[in-house]
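Position 1 is the first residue of the sequence, and the numbers go up from there.
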Amino acid sequence: MLNTRLEAIEDDIMAALKSKRYGLEKPKYKNVFIDSGAANDEITDYTLQIFETLSKRDRTVSFRTSGCIFPVVVRLSDYESVDTEEFNGSLFIHVH
């Protein structure tokens, strides 16, 4: 079963990136950053994969970053703890 809180965070990130890219509406966040506590990398793109069978639905979201501190591809589900914080029009994703 999907972690609904994690899925909601992923949905917020994807919506912000779509709004920025296509200019369809004013984005909720100017930028989205993944934060390790010491430094931030901007999340710049994502890939969404959905796997469905008759009995279950799974999805994997991979985010691409600017690649300074974090790997270029990050999956939030790989971390034990994921928290969010809004500051100055940007969304910060804190991972542990």
Side-chain angles (χ1 to χ4, degrees):
M1 182 169 208
L2 291 174
N3 179 337
T4 55
R5 183 174 175 279
L6 181 60
E7 193 173 85
I9 293 169
E10 292 171 340
D11 288 343
D12 280 349
I13 297 169
M14 290 186 293
L17 294 173
K18 274 192 250 183
S19 293
K20 266 179 79 169
R21 178 180 298 150
Y22 300 115
L24 301 175
E25 58 189 55
K26 183 179 178 197
K28 184 175 178 181
Y29 305 108
K30 290 187 291 186
N31 298 301
V32 181
F33 297 96
I34 186 164
D35 172 40
S36 67
N40 301 325
D41 274 353
E42 184 173 3
I43 295 176
T44 57
D45 201 4
Y46 69 92
T47 303
L48 172 64
Q49 295 177 321
I50 298 175
F51 307 97
E52 266 185 280
T53 64
L54 293 175
S55 60
K56 77 177 198 175
R57 177 183 175 267
D58 255 342
R59 81 177 196 178
T60 302
V61 183
S62 302
F63 296 102
R64 287 192 249 327
T65 70
S66 52
C68 296
I69 303 300
F70 285 90
V72 175
V73 175
V74 175
R75 289 173 197 82
L76 297 181
S77 59
D78 292 345
Y79 293 92
E80 290 179 23
S81 173
V82 178
D83 298 308
T84 62
E85 176 185 7
E86 295 178 38
F87 178 73
N88 202 23
S90 294
L91 178 65
F92 291 84
I93 312 298
H94 303 286
V95 294
H96 311 281

J.: Quick one, Lys30 with Asn88, criterion side-chain hydrogen bond (donor to acceptor under 3.5 Å, both in side chains). Give me CA distance, side-chain angles, the key distance, then yes/no.
T.: CA-CA 9 Å; Lys30 290 187 291 186; Asn88 202 23; 4.6 Å; no
J.: How close do Thr84 and Arg5 get, heavy atom to heavy atom, and via which atoms?
T.: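 Of all heavy-atom pairs spanning Thr84 and Arg5, the closest is N-NH2, 4.4 Å.
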J.: Mind checking the CG-NZ spacing from Asp12 to Lys28? Nearest 0.5 Å is all I need.
T.: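 It is 4.5 Å, given to the nearest 0.5 Å.
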J.: Quick check for you: to the nearest 0.5 Å, what is the distance between Leu91 atom CG and Ile34 atom CD1?
T.: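 With rounding to 0.5 Å, CG (Leu91) is 10.5 Å from CD1 (Ile34).
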J.: Determine whether Tyr79 and Val32 fall in the same hydrophobic cluster, where Ile, Leu, Val, Met, Phe, Trp and Tyr are linked whenever their side-chain heavy atoms lie under 4.5 Å apart.
T.: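 Linked within one cluster.
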J.: Could you grab the distance from atom CD of Glu7 to atom OG of Ser77, nearest 0.5 Å is fine?
T.: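 Result: 11.5 Å between the selected atoms.
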J.: Would you say the side chain of Lys18 lies within less than 4.5 Å of the side chain of Tyr46, judging by non-hydrogen atoms?
T.: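 When only atoms from C-beta onward are counted, Lys18 and Tyr46 do touch, with a gap below 4.5 Å.
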J.: Hey, could you give me the OG/CG distance between Ser90 and Asn40, rounded to the nearest 0.5 Å?
T.: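 If we round to the nearest 0.5 Å, Ser90:OG and Asn40:CG are 9.5 Å apart.
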J.: Quick one: do Phe92 and Val74 end up in the same hydrophobic cluster if we chain Ile, Leu, Val, Met, Phe, Trp and Tyr together by side-chain heavy atoms under 4.5 Å apart?
T.: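 Not linked; separate clusters.
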J.: Could you check whether any side-chain N or O of Arg21 sits under 3.5 Å from a backbone N or O of Asp45, counting only pairs where one atom can act as donor and the other as acceptor?
T.: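 Not confirmed, Arg21 side chain does not pair with Asp45 backbone.
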J.: Testing the basics here: between Ile43 and Ile13, what is the closest heavy-atom pair and its distance to 0.1 Å?
T.: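 Looks like CG2-CG2, 4.1 Å.
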J.: What are the two closest heavy atoms between Tyr29 and Ala16, and how far apart are they?
T.: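 Answer, listing the atom of Tyr29 first, then Ala16: CD1-CB, 4.1 Å.
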J.: Count I, L, V, M, F, W, Y as connected when their side-chain heavy atoms are under 4.5 Å apart, and connections chain through other members. Are Phe51 and Leu76 then in the same cluster?
T.: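 Looking at the clustering, Leu76 is in a separate group from Phe51.
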J.: Treat each ILVMFWY residue as a node, draw an edge where side-chain heavy atoms are under 4.5 Å apart, and state whether Ile93 and Phe87 are in one component.
T.: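 Hydrophobic grouping puts Ile93 apart from Phe87.
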J.: Nearest 0.5 Å, what's the CZ-CG distance between Arg59 and Leu48?
T.: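 So the gap between those two atoms works out to 6.0 Å.
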J.: Side-chain heavy atoms nearer than 4.5 Å, only ILVMFWY residues, links allowed to pass through others: does that put Ile50 and Leu17 together?
T.: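 Per the 4.5 Å side-chain linkage, Ile50 and Leu17 are co-clustered.
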J.: Ion pair present between Asp41 and Arg64, side-chain N to carboxylate O less than 4.0 angstrom?
T.: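 The answer is no: the pair does not qualify as a salt bridge.
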J.: Return the minimal non-hydrogen interatomic distance between Val61 and Met14, and the atom names on each side.
T.: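 Where Val61 meets Met14 most closely, the heavy atoms are CG1-SD, 4.1 Å.
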J.: Do any N or O atoms from the side chain of Ser66 and from the backbone of Glu42 form a donor-acceptor pair under 3.5 angstrom?
T.: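 Yes, the answer is positive, given that a donor and an acceptor are paired below the 3.5 Å cut-off.
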